[in-house]
Every structure is written in C-alpha cells, then in structure tokens.
Number of protein chains: 2
Amino acid sequence: MVVDTLSPDEVDRLFQALADGTRRDILTRALTGEHSVTALAARYEMSFAAVQKHVAVLERASLIAKARHGREQLVRANPAAIERARALLQSYEALWRHRSATMDAILAADRP
Amino acid sequence: MVVDTLSPDEVDRLFQALADGTRRDILTRALTGEHSVTALAARYEMSFAAVQKHVAVLERASLIAKARHGREQLVRANPAAIERARALLQSYEALWRHRSATMDAILAADRP
DNA sequence: CGTATCTACAACCATTTGGTTGCACGTTAC
DNA sequence: GTAACGTGCAACCAAATGGTTGTAGATACG
C-alpha cells in the first residue's frame, strides 16, 4: 500500500526493465516457476549471453533474484517489485482523480 | 477486458516512456492540469526542443494528447493509458498468485 | 583424472536515446 | 505589416542499449 521511498533511479530501472518484450517474457516464466539461466536462454532465438544480459537488467531492477544451486543459477521473480511499480501507477491515477497537488508519492520519488 | 489487446510494441512504448524522470514529471503535471509545451519546458533546465521530444515520447505512448488552441499546443494526460499499464502489472501479480495457489495445492496433496 | 556444462564477463558493433543548435512556419500582438 | 511567440523538425553528438563472439572459472559426471 505505501509506496515506499523508491529513488528516481530505481523507478527508471523498473520501467526500463519492463520496456522489452523478451524481458517481460522472462519475467513471466520466472513468476510461474524457477528456471536456470540456460533453461531460460533455450527458449529464445538469441544467444545465451544476450539472455544473460536481459536477466541482469531484470536483476538490477529487483524484478528477479538469482540463487545458486550447484553450478546452476536459479532465477525467481520478486513480486514485491512488480507491486511497487503497480502502486506507483495507481498513485498516478489517484493524482488524476483528485487533480489537486497534495497527493504525491511519485513526486516524493522524483524529487528527493 | 482488462488486459485488452495491447501489442508488445505498445507495451514497450508505454514502459519506455515511463522510464525517465523528466517524462514522469511532465506526466504528473499533465495529470493535474493542462499546460502548453513552452509552459512545461520553462520548468526544466534543458532546452525547449529536449522537452518537446519528451512530450513526443509520451504522446507516442498514448500517455498524453495534445490539443491545438490558437498557437499553443495544450498537453493533457490520458489516464486510460496509465490504467492499461497498471492492469498489465496486476496481471503479472495474478500469475504469481496462481502459481502460489498451485504450489499450495501440490503441498497439500503431498501431505498425508 | 579429464571432459562436458553452466555461468560470467570482456570486446566489439549497429541502433537508439537524450541532449544540443539552428531554421522554418503559422499565429498573435502591436 | 512587422515583430514576437509557440511549435515542429532537421542535423549533429555522446552515451546507452541490444545484440554478437570469444574466453575463462566453477561445478558435475564418467
């Protein structure tokens, strides 16, 4: 509920990570189960390194986390980050409904 | 109904547009009132052309719309686009909850 | 042991992004 | 009519992005 203090950079990384179809697809798979990086990479036409970079972007945005399991790195989603993004958008809508300036979780995030 | 037909490209543009602090700031201003492009540009350090480009990015993402009013172009927010993005994130969370429910069911089935 | 597998990362390349300046054009004001 | 204003757009530039190949370090397997 509380849109806790997300720095503008964190918000940037969140939405930036979501602005790519391959990354959204990886996120979907991570939401429904755990997969190793190679298992994920096998699903796409691009190279393993490319998928690895996408996973890194999602990780920097805190949308996923990796857990070592032997020689594999298991990717699992972090629904809390998605919830933060959703709450942020919801606060934009609230801003619209109120149309008066005192409701600013986002402003707090954008103006430190 | 909720996750209506948004093409991947449209989703890309949506999140891409949101992945910049200046654009989010412009969006909040547009949500709370109408402003001309020059009025918006006056708020930021960057050049008018730079702000104009940000406005164009928001417009391509359907997050705002412009309406000519004499020689000015008035910028107003389109909350429906924000709602689409929010619903999209919510569907991701639903995916997660479904997975959790499935795992609960499996665990319950495993219990003797 | 040696070998195959999984991951990480560097170097490189093409395209996009976010910024600049300058110019053109329609509209308003004097 | 001329001057000022608001906008759109092109050309340019540095940095970031999304992809590639290649190399190297751990870890599992036969």
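Letters go in sequence order (proteins before strands), and every chain restarts at 1.
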Rounded off to whole Å, could you give me the [atom1]-to-[atom2] distance for the [X] and [N] pair?
X: B:Leu74; N: D:dT7; atom1: CG; atom2: C1'; value: 12 Å
X: B:Gln73; N: C:dG26; atom1: CD; atom2: P; value: 15 Å
X: B:Glu72; N: C:dT27; atom1: CD; atom2: C1'; value: 11 Å
X: A:Arg13; N: D:dT17; atom1: CZ; atom2: C1'; value: 16 Å
X: B:Arg68; N: C:dG26; atom1: CZ; atom2: P; value: 11 Å
X: B:Asp20; N: C:dT16; atom1: CG; atom2: C1'; value: 14 Å
X: A:Glu59; N: C:dC9; atom1: CD; atom2: P; value: 10 Å

Does anything in residues 60-67 of chain B reach DNA chain D, meaning a heavy atom under 4.0 Å, and if so which residues?
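Within residues 60-67 of chain B, the residues near DNA chain D are B:Lys66.
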
Roughly how far, to the nearest 0.5 Å, is CG of B:Leu40 from CD of B:Gln73?
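That separation rounds to 11.5 Å.
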
Short of 4.0 Å, heavy atom to strand atom, which residues of residues 38-56 of chain B count as contacting DNA chain C?
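Correct list: B:Met46, B:Ser47, B:Ala49, B:Ala50, B:Lys53, B:His54.
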
Out of A:Leu31, A:Ile82, A:Thr28, which one pairs with B:Trp96 under the side-chain contact (heavy atoms from CB on, under 4.5 Å) rule?
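Looking at A:Leu31, A:Ile82, A:Thr28, the match for B:Trp96 under the side-chain contact (heavy atoms from CB on, under 4.5 Å) is A:Leu31.
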
Locate the shortest heavy-atom distance separating B:Arg24 from A:Pro8; write the atom from each residue and the value.
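Scanning both residues, the minimum pair turns out to be NH2-O, 3.3 Å.
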
Mapping A:Val57 and A:Arg71 to their closest nucleotides on DNA chain D, which lands nearer the 5' end?
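The residue closer to the strand's 5' end, by nearest nucleotide, is A:Val57.
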
Base, sugar-phosphate, or nothing: which does A:Ser36 touch, judged by heavy atoms less than 4.0 Å apart?
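Since only primed, P, OP1 and OP2 atoms lie under 4.0 Å of A:Ser36, the category is sugar-phosphate.
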
Is there a continuous path of hydrophobic side-chain contacts, each under 4.5 Å between heavy atoms, that joins B:Val57 to B:Tyr44?
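Different hydrophobic clusters.
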
A:Leu89 with B:Leu6, same ILVMFWY side-chain cluster at under 4.5 Å
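Shared cluster, yes.
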
